[in-house]
Amino acid sequence: MTVYHFVGIKGTGMSALAQILHDMNYHVQGSDIEKKVFTQKALEARNIKILPFAKENIKEGLTVIAGNAFPDTHPEIEEANRIGLPVIRYHRFLGEFMEMYTSVAITGVHGKTSTTGLLSHVIQGAEPTSYLIGDGTGKGIPNSKYFVFEACEYRRHFLSYKPDYAIMTNIDFDHPDYFANLDDVFDAFQQMALQVKKGIIACGDDEQLQQIQAKVPVVYYGFGDDNDFQARNIVKSTEGTAFDVFVRNTFYGSFKITTFGDHSVLNALSVIALCHYEGIDIEIIQQRLLTFEGVKRRFNEKKLGDQILIDDYAHHPTEINATIDAARQKYPERDIVAVFQPHTFTRTQSFLDEFADSLQKADYIYLCDIFGSARENAGKLTIDHLLEKINNSHLIIEEDTSILKQHENAVIVFMGAGDIQKYQEAYEKVLA
């Protein structure tokens, strides 16, 4: 009996994959750092064993799935290789696993997680669906028809996948520690496009995606008149967004979503297009769009006193713009207060001016110190470089968040991909 041992089981993709295999009645365990991470809650709920990293965890009979963040010199991976156990990298395992299903890869520099969550929610209303979401959520259904999964472009990991379909939300320059420039990012997506087996659903409003070449049909969605699937008659409210969908200029149906901002309409449009392509009943699509409750760390709201606190993963200027726009749509009468923690020194350096521009869309701005990463935990840049570029911005520290109390009746948006949650938790204790 094989036991799958995950090296780095608390990683968002790794945690989700472990949940899927467990749900499909495989034996699963893993190891990671002992610090508590939000992804472990779902593992603990399934009684999946989580061990502290130690080479003694590696024993005969294991198949080791190695997280991409860990080098071959990691003690557990070294030990597995020494005693001749199979060691499979996360993205390679996923590439083989999906061959059993009609697979849909959701990729793009922004919007992957929200779109993966939305598609998996909608499509399982029609057919058994397993899914892997980049917020650490995974579900395995033994006799699934579909496998919906988030495919990350970082280090070109998604080139391990040959999905039936791909939804491509956008191409933008990010991960400057790996990609040289926008052309380099485009090249990665172009390679990915050539590996798709049945069809690509791409955002036609994105100039880069308009250039994509493929061996399969490319169906475009967006607001522009040239798209195959076009959203028209958009009505935004504090309850959500309503819109009509036209397929090649012919009315298809009216839809409502409970989320906010233009990016949410585009995400929904991509899901509608994929479901239409697969012949899923329009009434199922309409109903399931209305019951989607979102994904972790994407516009997650909490009301405390007269303030609304929002936790969001936004860590790129494009995402900050989208998050602030969404907050304005839902709460037009309230001040928007941004509390932002930059993630990685290279990204902060590359987008210094763009971060300043996007953050200034908020009414008040607080900055936290730069969060490094396992790959780079120091740099010449400091948070002061960003502070200097934003008028009236202030530095905030975890030990003293009480200044936020002065913003009565405001929406306070905590944004970042590092450990920004600890600032929100500290502030909640101040309010308690």
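- Taking 4.5 Å as the limit, some side-chain heavy atom of Leu85 sits within range of a side-chain heavy atom of Glu60.
- In this model, no donor atom of one side chain and acceptor atom of the other lie less than 3.5 Å apart for Thr39 and Ser15.
- Salt-bridge check for Arg288 with Asp281: failed, with every basic side-chain N at 4.0 Å or more from each acidic carboxylate O.
- Of all heavy-atom pairs between Leu359 and Ile320, the closest is CD2-CG2, 4.0 Å.
- Side-chain atoms of Asn170 and Asp206 include no donor-acceptor pair closer than 3.5 Å.
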Step by step, work out the side-chain contact (heavy atoms from CB on, under 4.5 Å) result for Asp262 and Phe223.
CA-CA 9 Å; Asp262 287 347; Phe223 299 116; 4.0 Å; yes
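- In this structure, the side chain of Tyr220 engages the main chain of Leu209 through a donor-acceptor pair within 3.5 Å.
- Relative orientation of the Phe371 and His343 rings is parallel, given thresholds of 30° and 60° on the angle between their planes.
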Decide side-chain contact (heavy atoms from CB on, under 4.5 Å) for Thr323 and Phe299; before the verdict, give the C-alpha distance in whole Å, the side-chain angles of both, and the deciding distance to 0.1 Å.
CA-CA 7 Å; Thr323 301; Phe299 212 80; 4.2 Å; yes
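- The environment of CD in Glu293 is sparse: at most 12 heavy-atom neighbours from other residues, nucleotides or ligands sit within 6.0 Å.
- The shortest heavy-atom contact between Leu118 and Ala268 is CD2-CA, 3.6 Å.
- Using a distance-only test at 3.5 Å, with no hydrogens or angles considered, a donor-acceptor pair links the side chain of Gln341 to the main chain of Asp419.
- Between Asp363 and Arg328 there is a salt bridge, since at least one side-chain N of the basic residue sits less than 4.0 Å from a carboxylate O of the acidic one.
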Does Glu153 form a side-chain contact (heavy atoms from CB on, under 4.5 Å) with Lys112? I'd like the steps, not just the answer.
CA-CA 10 Å; Glu153 77 282 2; Lys112 290 186 290 290; 3.3 Å; yes
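- Heavy atoms of other residues, nucleotides or ligands lying less than 6.0 angstrom from NZ of Lys215 number 12 at most.
- Each of Thr129, Thr291, Thr116 was scored for a side chain to side chain donor-acceptor pair (under 3.5 Å) with His121, with one residue passing: Thr291.
- Side-chain polar atoms of Thr113 and Glu150 form a donor-acceptor pair below 3.5 angstrom.
- Within a 6.0 Å sphere centred on CG of Asn181, heavy atoms belonging to other residues, nucleotides or ligands number more than 12.
- Nearest heavy-atom pair across Lys35 and Gln40 is O-OE1, 3.7 Å.
- Counting only distance, with no hydrogens or angles, the side chain of Gln307 and the backbone of Leu404 share a donor-acceptor pair below 3.5 Å.
- When each of Val245, Val122, Ile123, Leu274 is paired with Ile285, the side chain to side chain contact (heavy atoms under 4.5 Å, CB included) condition holds for Val122 and for no other.
- Relative orientation of the Tyr165 and Tyr277 rings is perpendicular, given thresholds of 30° and 60° on the angle between their planes.
- Inspection of the Asp172 and Thr318 side chains reveals an N or O donor paired with an N or O acceptor under 3.5 Å.
- The local environment of OH in Tyr26 is sparse, with at most 12 non-hydrogen atoms from other residues, nucleotides or ligands closer than 6.0 Å.
- Between Ile58 and Glu76, the shortest heavy-atom contact is CG1-O, 3.5 Å.
- Side chains of Val216 and Lys198 form no contact here, defined as non-hydrogen atoms less than 4.5 Å apart.
- Remark: of the listed residues Phe158, Tyr131, Tyr161, Tyr161 is the sole one forming a side chain to side chain contact (heavy atoms under 4.5 Å, CB included) with Phe149.
- Ionic pairing of Glu99 and Lys197 is present here: one or more N-O contacts between side-chain nitrogen and carboxylate oxygen are shorter than 4.0 angstrom.
- Between His110 and His316, a ring centre-to-centre spacing shorter than 6.0 Å is recorded.
- A donor-acceptor distance shorter than 3.5 angstrom exists from the side chain of Asn57 to the backbone of Pro52, with no hydrogens or angles considered.
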Please lay out, stage by stage, how Leu266 and Thr169 fare under the test side-chain contact (heavy atoms from CB on, under 4.5 Å).
CA-CA 8 Å; Leu266 290 173; Thr169 58; over 6 Å; no
Output, in order, the C-alpha distance, side-chain angles, deciding distance and verdict of side chain to side chain donor-acceptor pair (under 3.5 Å) for Thr115 and Asn267.
CA-CA 5 Å; Thr115 306; Asn267 293 347; 3.1 Å; yes
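- No hydrogens or angles considered: nothing links the side chains of Asn300 and Tyr313 as a donor-acceptor pair under 3.5 Å.
- In this structure, Phe97 and Phe147 have perpendicular ring planes: the angle between them is above 60°, well past the 30° mark.
- Remark: the Gln424 side chain and the Glu428 side chain contain an N/O donor-acceptor pair separated by less than 3.5 Å.
- Below 30°, between 30° and 60°, or above 60°: for Phe70 and His74 the angle between ring planes is above 60°, a perpendicular geometry.
- Taking the six-membered ring where the residue is Trp, Phe246 and Phe251 present perpendicular rings, their angle passing 60° and hence far from 30°.
- A salt bridge links Glu79 with Arg82: the closest approach of a Lys/Arg side-chain nitrogen to an acidic carboxylate oxygen falls below 4.0 angstrom.
- For the pair Glu398 and Tyr423, the tightest heavy-atom approach, listed with the atom from each and the gap, is N-CE2, 3.4 Å.
- No salt bridge links Glu239 with Lys256; every basic N to acidic carboxylate O contact stays at or beyond 4.0 Å.
- Checked by atom type, the side-chain pair Gln329/Thr241 shows a donor-acceptor distance below 3.5 Å.
- A salt bridge is absent between Lys139 and Asp23: the closest approach of a Lys/Arg side-chain nitrogen to an acidic carboxylate oxygen does not fall below 4.0 angstrom.
- Ring-plane geometry between Tyr252 and Phe229 is classed as perpendicular, the angle between the planes exceeding 60 degrees on a 0 to 90 degree scale with a lower cut at 30.
- Within the 4.5 Å cutoff, the side chain of Pro163 has heavy atoms near those of the Met192 side chain.
- In this structure the side chain of Phe38 reaches within 4.5 angstrom of the side chain of Thr12, judged on heavy atoms.
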Test log, rule side chain to side chain donor-acceptor pair (under 3.5 Å), inputs Gln191 and Asp187
CA-CA 6 Å; Gln191 287 180 60; Asp187 175 70; 2.9 Å; yes
Show the numbers, then the answer: is there a ring pair (Phe, Tyr, Trp, His ring centres under 6.0 Å) between Phe93 and Tyr4?
CA-CA 11 Å; Phe93 184 92; Tyr4 287 105; 5.5 Å; yes
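- For the residue pair Ser130 and Ser144, the shortest heavy atom distance occurs at OG-OG, 2.6 Å.
- The 12-atom threshold is not exceeded at CD of Glu34, counting heavy atoms of other residues, nucleotides or ligands nearer than 6.0 Å.
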